[in-house]
Amino acid sequence: MTAAQWTALRYFARANRLSRTPSAFSAFHATTRGTASQTVKSLVALRFLKGERSQEDGRSVRFDLTDAGRAMLRADPLHALTAVLDRLAPGDRAHLLGALQTITAQVAAGQNAPVFGSCADCRHCDDAATGAFCRCAEAMLLASEMDALCISFAPKAGMRLVADR
Ligand code: SF4
């Protein structure tokens, strides 16, 4: 597995249904659509990803991890890093997270690229009595999707993410 293949496998495991496309992955990975498509194709050839035509628009193809892809992810070499991060004091973890959010958001803003985030912090998310609703996708959100990465994420007003620091 190359570094790009590992990044793609992690991305498709964490992204929501709007974002599990090669073009969204190209934005996340700051690479061209062609390069992102080649990486996705290589993971399909390895049987770690499988594609399915979108039920929403019938044109785009959405990719999901296969059982083999999930098994591969359990052997992710980054687990060594996350184990170390888990042992940091909560305050240190929060500072590190804030710094990384600022850095990635400012780099994305400088390149006019989207900032990825999840529903709880997104201004498109309406909390309805029956569950959360995404005004961008005009669809109800499943509880399992609320923490997923989304390419259409728009930070809530007042969120200290980008150049407002
Ligand atoms: S509420 Fe925001 S983060 Fe959630 S699916 Fe909609 S656009 Fe994406």
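All values below were derived from every heavy atom in this structure, side-chain atoms included, with hydrogens, water molecules and symmetry-related copies excluded. Each ligand, and each atom within it, is numbered from 1 in the order the structure gives.
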Item to check | Stepwise side chain to side chain contact (heavy atoms under 4.5 Å, CB included) test for Thr31 and Thr39 | outcome: CA-CA 11 Å; Thr31 187; Thr39 304; over 6 Å; no
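Within 6.0 Å of CZ on Arg135 lie more than 12 heavy atoms contributed by other residues, nucleotides or ligands. No more than 12 heavy atoms of other residues, nucleotides or ligands sit less than 6.0 Å from atom NE2 of His95.
Near Cys125, the atoms of ligand 1 lying under 4.0 angstrom from a non-hydrogen atom of the residue are 1 (S). Residue-ligand proximity, Ser152 to ligand 1, at heavy-atom distances under 4.0 Å covers atoms 7 (S). Short contacts between ligand 1 and Leu141, defined as distances under 4.0 Å to a heavy atom of the residue, involve ligand atoms 5 (S).
Remark: the backbone N or O of Arg62 is not paired with any side-chain donor or acceptor of Arg20 at under 3.5 angstrom. Under a 3.5 Å cut-off, the side chain of Arg123 and the backbone N or O of Pro155 do form a donor-acceptor pair. Looking at Ser19, its side chain never comes within 3.5 Å of a backbone N or O of Ala24 through a donor-acceptor pair. Checking side-chain atoms of His79 against main-chain N and O of Leu73 turns up a donor-acceptor pair under 3.5 Å.
Ligand 1 lies out of reach of Ile151, whose nearest heavy atom is not under 4.0 Å from it.
Among all non-hydrogen protein atoms, the one lying nearest atom 6 (Fe) of ligand 1 is Cys134 SG, 2.3 Å. Remark: minimum distance from atom 5 (S) of ligand 1 to any protein heavy atom is reached at Asn16 ND2, 3.6 Å.
Contact annotation for Cys119 and ligand 1: heavy atoms of both the backbone and the side chain come within less than 4.0 Å of the ligand. Heavy atoms of Cys122 found under 4.0 angstrom from ligand 1 belong exclusively to the side chain.
Cys150 lies close to atom 8 (Fe) of ligand 1, since one of its N, O or S atoms is found at a distance under 2.8 Å.
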